[in-house]
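Here is the naming used below: chain letters follow the sequence lines, and residue numbers restart at 1 for every chain. Quick note: numbers below take in every heavy atom, side chains included, and nothing from hydrogens, waters or symmetry partners.
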Amino acid sequence: MVDTSVKLCDIQLKNPVIPASGTFGFGHEFAHWYDLNVLGAICLKGTTKDPRFGNETPRIAEAPAGMLNAVGLQNPGIEAVLETELPALRKLYSGPVIANISGFSKEEYVFCCEKADQSPHVDIIEVNISCPNVQSGGMSFGASAKDAGEITKAVRAVCKKPIFMKLTPNVTDIAEIARACEANGADGISLINTLLAMRIDIKNRKPVLANTTGGLSGPAVFPVALRMVWQVYKAVKLPIIGMGGVSCPEDVVEMMLAGATAVQVGASNLQNPFACPEIIDGLPPLLERLGVSRIAELIGAAHY
Amino acid sequence: MVDTSVKLCDIQLKNPVIPASGTFGFGHEFAHWYDLNVLGAICLKGTTKDPRFGNETPRIAEAPAGMLNAVGLQNPGIEAVLETELPALRKLYSGPVIANISGFSKEEYVFCCEKADQSPHVDIIEVNISCPNVQSGGMSFGASAKDAGEITKAVRAVCKKPIFMKLTPNVTDIAEIARACEANGADGISLINTLLAMRIDIKNRKPVLANTTGGLSGPAVFPVALRMVWQVYKAVKLPIIGMGGVSCPEDVVEMMLAGATAVQVGASNLQNPFACPEIIDGLPPLLERLGVSRIAELIGAAHY
Amino acid sequence: MKKGSYIIENTQQIAKNTYRTRLKGDTSAIVAPGQFVNIALAGSFLRRPLSVCDWDEKGLWVIYKTVGKGTSALSKLEPGQKLDLLTGLGNGFDMELAGSRPMLIGGGVGVPPLYGLAKRLMKQGVRPLAILGFNTAEEVFYEKEFAELGCDVVVATVDGSYGQKGFVTDAMPQEGTTFFYACGPEPMLKAVYNRTNTSGQLSFEERMGCGFGACMGCACRTKYGAKRICKDGPVLMKEEVVW
Amino acid sequence: MKKGSYIIENTQQIAKNTYRTRLKGDTSAIVAPGQFVNIALAGSFLRRPLSVCDWDEKGLWVIYKTVGKGTSALSKLEPGQKLDLLTGLGNGFDMELAGSRPMLIGGGVGVPPLYGLAKRLMKQGVRPLAILGFNTAEEVFYEKEFAELGCDVVVATVDGSYGQKGFVTDAMPQEGTTFFYACGPEPMLKAVYNRTNTSGQLSFEERMGCGFGACMGCACRTKYGAKRICKDGPVLMKEEVVW
Ligand SMILES: Cc1cc2nc3c(=O)[nH]c(=O)nc-3n(C[C@H](O)[C@H](O)[C@H](O)COP(=O)(O)OP(=O)(O)OC[C@H]3O[C@@H](n4cnc5c(N)ncnc54)[C@H](O)[C@@H]3O)c2cc1C
Ligand SMILES: Cc1cc2nc3c(=O)[nH]c(=O)nc-3n(C[C@H](O)[C@H](O)[C@H](O)COP(=O)(O)OP(=O)(O)OC[C@H]3O[C@@H](n4cnc5c(N)ncnc54)[C@H](O)[C@@H]3O)c2cc1C
Ligand SMILES: Cc1cc2nc3c(=O)[nH]c(=O)nc-3n(C[C@H](O)[C@H](O)[C@H](O)COP(=O)(O)O)c2cc1C
Ligand SMILES: Cc1cc2nc3c(=O)[nH]c(=O)nc-3n(C[C@H](O)[C@H](O)[C@H](O)COP(=O)(O)O)c2cc1C
Ligand code: FES
Ligand code: FES
C-alpha cells in the first residue's frame, strides 16, 4: 500500500491533489460528478470584500494545450462565501478547505483574511496577490517584492491560520518575491497563477477577450510552473503548493520532485470534470511503478 | 492577387515569414528541403565572439504543444559565420539576412555587431539580449531596462545597419524594456525569446536538461508572445518582429494584427522542415478569405 | 449531467458549411430540448458546446456550422470514431409555458434545438409556428423536417434568395401566438425581444470554459442578478433579459 | 532525407514491451543501414527518432520499446492509420569497413538497425557474428531472424535467464573479427569501446529537436570537433569517440 498523504503546515491531506481556485467554484458543481471527500483539500473561488460581477464577456479563449480566462474575480463577496457557500460545502465535504482571498488594496486583503481566519470552516488562507494594486498604478501586488512583502505582513498580523501567498508568474525574479513573503511571515507559497496572455479574432480584428488580455493556464504552462516551483524551493524554506498545467499523475510527481508539498489542478477540471479523482486514482499505481512507498518522500527530491 | 510584401526599416521582404534564430542553422540544412528564396528573410543562428560548444546534452526536452531547448549558443564564432557560413548561404539564397548576435559582456556585443555591420551579406542585426550578464550577477541583459538600454546604445554606436533588439519574455514589464531600447537608438524590436522552463525525469528524479533549465517555445507560448507584441506595439513606435509559437498562416495574421511587421517561425521548423514554405503558401488564400489585399494593412490593425 | 463516450454513427452535410452528426451513446441525462452537449476534440483543449438537435434512447443529433478548428475537425471524423461528451448540460426550454400556439424562432444554427422542441411540443398536441431565418438559400436547412413534424413553417432569407425576404422579425405574425422560443445570433435575439408581445424564452451563446457551472466563464447579467449561461441558461426568460 | 506520409501495415509485439511496426511508403531516401526515421505522433510536439530495422521498396520496419508517451501511442495505432515521417536521416553504418568477419554488437533496442546491416552484409557475401544482449529472457528478440539470415548469433542476458549469462562484452570473442558495429545504451557502447581490439563504428542516441541538423540539440564532442548525432551521426568511428 502506497501512502499518498502529505502534511501542509500540520494539516494532514489524504493526498496532495487540490482543485485550484476559480476552477472549482465553491465545490457544489463538482459534487454532482463525484464525492468531494476523495480530494486532498479544496481551494475556493477567489473572494473579495464586496460581491463582484467580474469582467464583461467573452471571458474565455482557447490556446494550444491551454486556455485563457479573464473572469475578473466574479464572486459573491466574503460575507456570502463564509456564511452561505462554505456551510453549504460543509454538508458535502469534511476535508481541509483553503480560502482564496483577493483584493485591490491592502485594507481589502486585511479585511477578508481576518474574516476567513475567524471562520471555523477555513483551514488555510491562500492570498492571491495577482490583482492589480489600484492604489499605486495598477501593477499587480505580486509583481514587486515590496508590495508582496507588505501584503504578507499586513495579513499575517490578523491571521492565526496558515497563510499561503499565491504568486504571479509574470515577474522577472520569482525567487525574490517568494523571499519577501517568507521574510514577512508567510507560512507557505502557492504558485503559479496564470501567465498574462492574449488572443485576437482574425476575422473581426479584435481581442477575443472583452478584457483584451487574460491569463493562460493549462498544460501549456506546466514547464514554466515547474521551473518556478524549483526556483522557489531553492529560495525559501516554506512548503509550496505547486500548480500550473497539472493534468495527470505524472505531473503531480514532477511538481513534487521540483519541490511542491501539494499540487493544485486548475484548467484540467474544466476540460474534464473528473480530472482530480482520476489523478488521485492514478497516483498509487504510478508510485508503485516508480518504487515509491510514501509520496511525501518525493518533495524536492530532484534537487541536488 | 494578394500583396504579401512588407517593409522592415526600408528593407523589402516578399513576405513577412522569417525562420527564427537557432532553428534554421545557417540555412544549409533547409536548402535540402526547399528553395530558400521563398522566404521573407533568414535569421541566422545566434553568434558569439568565440566559437562555443554550448551546453552539455541533453539539450532538448518535450513539452505540451512545445519544446524546451538549452543549446547554449553553440556556434562557430563571428569570424567563421561571416567568412564561411554566410558566403556559403549566399550561394543558395539572395534575400535579406538577419544576423543574430549574442554575448556575455557589452564588449562582446559591440565586437560582434561591428563585424556584422561591416559584412556585405548582413542586412539587419538582431541583438539577442537574453544571455546572462556575467559581469553583473548573471541576470540576463534583457531582464533590466538599464542593461538593455546600455547594450542598445553601445551597439548603435558601431552599427549603421538596422538594429533589432531581441527581448526575453521573462520580465515583469516588457514595455519598459522596449522603451529603453527605443530611447537608446534601436531600429526595431524582436520578441519573444524563450520562456525559462524546466522538466524533470520522474524515473531518475533529475532535470531532463543537463543545464537544469531551458527555454520553452512552440505553440504553447503563442498567447504570451502575442500579448507582449501587443504591449510593445503600444509602448514604442518601432517596427516589431513577432515570434513565439507561430505555426500556421492564421498565427502570422494574428501576430501582425497585434503589431508585428514581420514574423519569425522557430520551433515549428524543427517539427516540420517545410513549416515556413507551407505558411507562406497558406497566406494568400487566407488573406483572400479575410478580404485583405495587402498584408501590410494588418500591422497593428487590432489596436483601438 | 453525464460524461460518456459516444460513437459517431454518421455525418451529413445538410447545407452550406452545415453538418449533422449522429452520436450513439447514453442520452439519459438529456431532459429537455434546448440543452446542450460539450464535446472534447483531439487537438483542442476546450470542449465545444453544441445544442442537442434531437435525441432518442440510443443517441443524439447535433447540427453545426464549420466556423473554426473544432467544428471543422468534427465534420471530418469518420463513422466509428469515439468522442468524449458531457451531456444534459443547461436548463433547456420549458415546454409548460408554450400555451396553445407557441412560435419558434430560429436563426442559422440556432434552428437545431428548436427542432427537438417542436417534435416534443407536437407530441404534447401543441402545434407550433416555426420561423426559420437564414442568410441565403444555400444555408437553409430543416424546412422539410419541421413540416414533416406537422408544424407550420415559414422560412426567411436575408437576401430573399429563398422563402420570404428579410429577417425572422419580418416574418413574425403580430398576433395569434401564445409564447415564443428563440435561438440564434444575439442581434436576432434582441430584435425578437423587441418585436414580440408575448412572453418567451431566448437561448444564448457564450464562450465557455467548462459548460457545467464551475468557472464563471459564461456569466451574464439578468434582472435577477448574474447567471451562468451554461448552467442557469442557456435559456433565459424574456422578462429577465438585460441587454 | 525525405518527408512523407506512411501507412501502418501492422504492429506485433515481439518481446516484453517491444513492438515491431511495418510502415508502408517511400523508402528511396534510405541509403544505409543504421539510418533512422523521425516520426510525428498526434499529441506530441517533437518527433520520435527510431532506427530503421529493415526496409524494401514498399516500406520499412521499426522495432521499439514502449518507454514513454510516444512509443506507447505508436504501438497502439491501428493498421491503416497514417503517419508523417522524415526518412533517410543520419549517416548510417559504413559497410565498406566490415572486412571479412565483422562483429555486430547490439543491446536491447540497439539490436534492430544491426539486423538491416546484417542482411546487407550477407548479401555482399560477408558473414557477420552477431552478439545480442538483453536484460532477461522475456526481452529477447530477433535471435531467429539473425540466424535465418545465415549469421552466427550469440545471445547474452544479464540475468542468465536465456543464452549466455552476462553482458555483450562477456560474449565477445577476443580475436577473429575484422571490425565491429555496435548499437545500444551508452554504458554498453563504452564497454564495447574498451574491450574491442579492432576498429569499429558505434551508433549513439541523443534527445533531438529536429533530427536533420538544424537545431544543435544533439551535439556531441569528438576528436575532430563537435558533431551532430542526427546528421554527422548517429554512427561515429571508434577512433573519434570522446567519452
Ligand atoms: C450553448 C451553446 C450551444 C450551441 N449550439 C450550437 C449548435 O447547435 N450549432 C452550432 O453550429 N453552433 C452552436 N454553438 C456555437 C458553437 O459552440 C461554436 O460554433 C463552436 O464552439 C466553434 O468552435 P470552433 O472550434 O469551430 O471555432 P473556433 O473559433 O476555432 O473556436 C475557438 C474557441 O471559441 C469558442 N467559440 C467560438 N465561437 C463560439 C460561439 N459562437 N459560442 C461559444 N463558443 C464559441 C470555441 O468553443 C472555442 O473554445 C453553441 C454555443 C453554445 C454556447
Ligand atoms: C537515432 C536514434 C535511433 C533510435 N532508435 C531506436 C529504436 O530503433 N528503437 C527504440 O526503441 N528506440 C530507439 N531510439 C530511442 C527512441 O527515440 C526513444 O525511446 C523514444 O524517443 C522515446 O519516446 P517516448 O515518447 O516513448 O518517451 P518519452 O520519455 O515520453 O519522450 C520524451 C522525449 O524524450 C525523447 N527521448 C526519450 N528517450 C530518448 C532516447 N533514448 N533517445 C532519444 N530521445 C529520447 C523523446 O523523443 C521525446 O522527445 C532511438 C533514438 C535515436 C536518437
Ligand atoms: C477560470 C479560471 C479562474 C481562476 N480564478 C482564480 C481566482 O479566483 N483566484 C486565484 O488565485 N486563481 C485563479 N485562477 C488561477 C488558478 O487557480 C491557477 O493558479 C492557474 O489556472 C494555473 O493552474 P492550471 O494551469 O492548472 O489552470 C483561475 C484560473 C482559471 C482557469
Ligand atoms: C533550438 C533553439 C535554438 C535557439 N537559439 C537561439 C539563438 O541562438 N538566438 C536567439 O536569439 N534565439 C534563439 N532561439 C529562440 C528562437 O529564435 C525564438 O525566439 C523562440 O524559439 C520563440 O519562437 P518559437 O516559439 O517559434 O520557437 C532558439 C530557439 C530554439 C528552439
Ligand atoms: S462555462 Fe464555466 S461556468 Fe459556464
Ligand atoms: S537534433 Fe537538431 S541538430 Fe540534431
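- The aromatic rings of D:F204 and D:W243 sit tilted relative to each other, their planes meeting at an angle between 30° and 60°.
- Looking at B:N55, there are no atoms closer than 4.5 Å to chain D (heavy atoms on both sides), in backbone or side chain.
- Using a 4.5 Å cut-off between heavy atoms, B:P273 contacts chain D through both its backbone and its side chain.
- No other option in D:G209, D:A40, D:C220, D:G70 has as many heavy-atom pairs under 4.5 Å with chain B as D:G209.
- Using a cutoff of 4.0 Å between basic side-chain nitrogens and carboxylate oxygens, D:E240 and D:R221 are not scored as salt-bridged.
- Aromatic rings of D:W61 and D:Y115 (six-membered ring for Trp) have centroids beyond the 6.0 Å cut-off, not under it.
- Ion pair B:D123/B:R90 flagged as a salt bridge, since at least one NZ, NE, NH1 or NH2 atom sits closer than 4.0 Å to an Asp/Glu carboxylate oxygen.
- Using a cutoff of 4.0 Å between basic side-chain nitrogens and carboxylate oxygens, D:K3 and D:D84 are scored as salt-bridged.
- Using modelled atom types and a 3.5 Å distance limit, the side chains of D:Q201 and D:E239 yield no donor-acceptor pair.
- Here B:G66 is the residue among B:P58, B:G66, B:G22, B:A65 with the most heavy-atom pairs under 4.5 Å with chain D.
- Of the two parts of B:A63, only the backbone, made up of N, CA, C and O, holds a non-hydrogen atom closer than 4.5 Å to a non-hydrogen atom of chain D.
- Within the 4.5 angstrom heavy-atom criterion, only backbone atoms of B:A61 (N, CA, C, O) approach chain D.
- Proximity to chain D is limited to the side chain of B:F274, based on heavy atoms less than 4.5 angstrom apart.
- Counting heavy atoms from C-beta on, the side chains of D:V37 and D:L86 never come closer than 4.5 Å.
- Most heavy-atom pairs under 4.5 Å with chain B: of the set D:E206, D:K231, D:M208, this distinction falls to D:E206.
- Your options are B:E62, B:Q74, B:K45, and the one with the most heavy-atom pairs under 4.5 Å with chain D is B:E62.
- Proximity to chain B is absent for every atom of D:I229, based on heavy atoms less than 4.5 angstrom apart.
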